[in-house]
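Written out below as structure tokens is the structure these notes cover.
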There are 2 protein chains.
Amino acid sequence: MIDYSVLIEKFKSIIKENGLKFTKQRELILKFLYEHEGHFTPEELNGELRKIYPDENIGIATIYRTLTLLEESGIVTSISFGTQGKKYEFGLKKHHDHLVCIQCGGITEFYDETIEKRQQEIADNFNFQMTDHIMKIIGICETCQKNKREKV
Amino acid sequence: MIDYSVLIEKFKSIIKENGLKFTKQRELILKFLYEHEGHFTPEELNGELRKIYPDENIGIATIYRTLTLLEESGIVTSISFGTQGKKYEFGLKKHHDHLVCIQCGGITEFYDETIEKRQQEIADNFNFQMTDHIMKIIGICETCQKNKREKV
DNA sequence: CTGACTGCAAAATCTTTGCAAAGAC
DNA sequence: GTCTTTGCAAAGATTTTGCAGTCAG
């Protein structure tokens, strides 16, 4: 995993290249995502940051703006949930895909070499310049299957 | 491809099973999706239906409600576009995945046996009961790549 | 007839934008 | 100092809901 100091330097250089500024808000949002595994909605992120930094009072608009910036910079990635918005996660880790539970909303990550290779081959066949790919396996996770059985 | 009369019967039996009613609006929406290949937002669907049936005046709420019903019935499927909502397509055709162009928003469909098989294996490994899966390859389609080169 | 369905408009979500004040460089 | 960023609140965009009248069975 990338070191935090390296990450910050990387972020600062992206910031500088684009004539932007390195602000406390941007740093705190990045830091949170770096330090917390998982997938967060902007609203959740807002809540967590308010808990950790009660004095900062980071506006929701800033969260949105920063997430967009971080995503464009390739530092975070997002996964969308139909109408219910997006969840963001720190993106500078090994590429992976997701198992999404429709019962509890839980997300499990996995990585599979076979699928990765095949995706590139498919894109090539269509002369499609792949910049990203998303794979979600949707269903019911082991825990929720058990809970269901116990209820019956 | 499923025959239209068979499709309607199928829909009617789902309707009946659930104590619902078979209405003109529901039929017209289903008919449109059956007859038109492609992926439509609720808003687009609304516009198209208004063009074809200027006298019907189907409300946008009905479109949403019907699409939800059709999706729950397994007759249509949806693909979500981050913040920008969902697109729906007729779903009773061979399963396939999508290539989505970030430039023009165009969608190309493909089907790959290797990927299908591997997805099931992965779900099994996690004791995950897969009900669906989504795969999107995101990038720039052949046409948009060409247009870009021409502009330069 | 009865209960489901519809269109309308209002409400609810989620996200973006305009602006004056504050902050980074 | 200059130009970007921020928080706030208002505006937008998309989707859902409440309701009275309408329609299917």
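Letters go in sequence order (proteins before strands), and every chain restarts at 1.
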Rounded to the nearest 0.5 Å, how far does CZ of A:F11 lie from CD of A:E27? 9.0 Å
Once the angle between the rings of A:Y4 and A:Y34 is folded into 0 to 90°, is it parallel (under 30°), tilted (30 to 60°) or perpendicular (over 60°)? tilted
Which ones in residues 16-35 of chain A lie close to DNA chain C, meaning a heavy atom under 4.0 Å from one of its atoms? A:K21, A:F22
Answer yes or no: is there a side-chain heavy-atom contact under 4.5 Å between B:I134 and B:D97? no
Is it the case that the side chains of B:H95 and B:E109 hold a donor-acceptor pair, with the cut-off being a distance below 3.5 Å and no angle test? no
Mapping B:R50 and A:E43 onto DNA chain C by nearest heavy atom, which one lands closer to the 5' end? B:R50
Whole angstrom value for the distance that separates C1' of C:dT15 from CD of A:E71: 14 Å
Distance under 4.0 Å to a non-hydrogen atom of chain A counts as contact; along DNA chain D, which nucleotides mark the start and end? D:dC3 to D:dT15
Return the residues of residues 52-61 of chain A meeting this criterion: a heavy atom under 4.0 Å from some atom of DNA chain D. Order them by number, or give none. A:N57, A:I58, A:G59, A:A61
Geometric class of the B:F32/B:H36 ring pair [parallel <30°, tilted 30-60°, perpendicular >60°]: parallel
One should read off an interatomic distance between B:K117 NZ and A:T114 OG1, to the nearest 0.5 angstrom, of 10.5 Å
How many whole angstroms separate atom CD of A:E44 from atom P of C:dC14? 11 Å
Find out whether the Lys NZ or Arg CZ of B:K12 is both under 6.0 angstrom from the six-membered ring centre of B:F22 and within 45° of the ring's axis. yes
A:L28: which of A:T23, A:L33, A:I58 passes side-chain contact (heavy atoms from CB on, under 4.5 Å): A:I58
Can you name the nearest heavy-atom pair linking A:R26 to A:L69, along with the distance? NE-CD2, 3.7 Å
In short, B:H133 meets A:I137 closest at the heavy-atom pair CB-CA, 4.1 Å
